[in-house]
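Everything on this sheet refers to the single structure shown next.
Lettering of chains follows the sequences in order, A, B, ..., and the numbering in each one begins at 1.
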There are 2 protein chains.
Amino acid sequence: MMLTYMCRTCGCSFRSRNFGTVERFVEPCILLLLSKGSSHGYGLMEDLEKHCGEKVDIGDLYRTLRRMERDGWVESDWEKNDAGPDRRTYTITREGKDFLKSAASSLTRTDKLIHRFLEGYQKNQSA
Amino acid sequence: MMLTYMCRTCGCSFRSRNFGTVERFVEPCILLLLSKGSSHGYGLMEDLEKHCGEKVDIGDLYRTLRRMERDGWVESDWEKNDAGPDRRTYTITREGKDFLKSAASSLTRTDKLIHRFLEGYQKNQSA
DNA sequence: GCACATATATGTCAACATCATATAGTAGTT
DNA sequence: AACTACTATATGATGTTGACATATATGTGC
């Protein structure tokens with residue numbers, strides 16, 4: 001979510017900041033997609049927006065994929081592409097599947113925290 | 001959530017990183033507490049752990065409160081305290097209540113994204 | 001030759017989270 | 001009087017992340 005701020009003294013709007021986003025949420029989303037089949041950065045970008053409701057910064061996505069490879073969750077190989085530039089194709093690893101599992105459990109906990117907050121908020125509103 | 005990593009080549013464990021935490025989640029939690037009554041940093045720390053399931057770094061909390069005051073969501077006054085050091089007491093503002101409302105709607109959206117992921121993950125597991 | 005979609009990648013920078021450290025008042029104990 | 005513990009606020013240092021901009025290159029259609 002993007003927030004724009006209004007300076008209360010001069011009325012000028014200043015920098016917008018992130019709020020409410022789940023840190024590195026894109027990584028389990030990528031791994032979930034890859035667990036269904038190998039893919040490449042550009043293709044993942046399209047699938048992430050379609051299936052995960054995630055708008056992705058493409059530069060961030062490529063950097064994230066390299067980081068995930070460094071961490072051992074995915075592996076990559078260059079794939080010849082006659083219809084355009086060659087592609088770096090990513091495949092999920094055993095460690096990647098393990099991380100996906102722990103990420104799911106972590107996100108379940110996060111989900112509970114958010115629920116707890118929303119319940120408290122709604123209770124407070126009706127009071 | 002804290003993750004510890006294992007280097008795949010040498011087996012050494014390396015830096016742990018954050019994952020799955022909601023960015024600046026503590027702020028709506030603080031505002032929800034303050035909407036029930038004014039409080040100070042140290043008191044909020046205890047309430048956050050008790051009511052919001054949030055373990056808080058106390059230094060981060062004080063810095064967050066100053067930031068929230070700068071952003072106009074809370075206001076503070078020094079309160080005399082005979083039983084110990086004086087306290088800076090925070091009160092929620094009109095803008096703070098507005099932000100709390102938009103935060104709730106933002107977190108509802110985040111909640112939907114997480115659900116969507118978890119459903120996809122579970123479907124994939126059973127397949 | 002040019003624009004456009006595809007495709008990967010890096011430079012920069014501000015904000016945030018974490019950890020450590022500094023300071024100080026009050027109360028109880030030795 | 002010195003100490004320990006608890007309460008209370010605050011800042012310094014640092015690494016990671018996310019956002020935005022920019023660079024580079026290939027293939028297709030006009």
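Heavy atoms of B:G59 sit under 4.0 angstrom from at least one base atom.
Regarding B:I58, its CD1 atom lies at a distance of 10 Å from the P atom of D:dA10, rounded to whole Å. Protein atom OH of A:Y42 is 11 Å distant from nucleotide atom C1' of C:dT8, rounded to whole Å. In this structure, the CG atom of A:L48 is 15 Å from the P atom of C:dA7, given to the nearest Å. Between B:L65 atom CG and C:dA17 atom C1' the separation is 15 Å, expressed in whole Å. Atom CG in A:D60 sits about 8 Å away from atom C1' in D:dT17, given to the nearest Å.
At a cut-off of 3.5 angstrom, the base of D:dG18 holds no donor-acceptor pair with the side chain of A:R63.
Qualifying salt bridge (charged side-chain N to carboxylate O under 4.0 Å, His left out) partners for A:D98, counting only residues two or more places apart in sequence or in other chains: A:R94. Looking at residues two or more places apart in sequence or on another chain, you find no salt bridge (charged side-chain N to carboxylate O under 4.0 Å, His left out) involving A:R63. For B:N81, the side-chain contact (heavy atoms from CB on, under 4.5 Å) partners two or more places apart in sequence, or in a different chain, are B:A83, B:D86, B:R87. Residues satisfying the side-chain contact (heavy atoms from CB on, under 4.5 Å) criterion with B:Y42, sequence neighbours excluded, are B:H40, B:M45, B:E46, B:Y62.
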For a quick test of your reading: what N or O donor-acceptor pairs under 3.5 Å do the side chains of residues 114-123 of chain B make, sequence neighbours left out?
from, atom 1, to, atom 2, distance (Å)
B:H115, NE2, A:D111, OD1, 3.4
B:H115, NE2, A:D111, OD2, 3.2
B:R116, NE, A:H51, O, 3.2
B:R116, NH2, A:K50, O, 3.2

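Note that CE of B:M68 is 3.5 Å distant from CG of B:L31, once rounded to the nearest 0.5 Å.
Side-chain nitrogen and oxygen atoms of B:R87 include none within less than 4.0 Å of the OP1 or OP2 phosphate oxygen of D:dT9. Using a 4.0 Å cut-off, no side-chain N or O of A:R88 falls inside it from OP1 or OP2 of C:dT8. Residue A:R67 places at least one side-chain N or O under 4.0 Å from the OP1 or OP2 atom of D:dT17. The phosphate of D:dA10 (OP1 or OP2) has no side-chain N or O of B:Y62 nearer than 4.0 angstrom.
Residues from residues 77-84 of chain A that place a heavy atom under 4.0 Å from any atom of DNA chain D, listed by number: A:D82, A:A83, A:G84.
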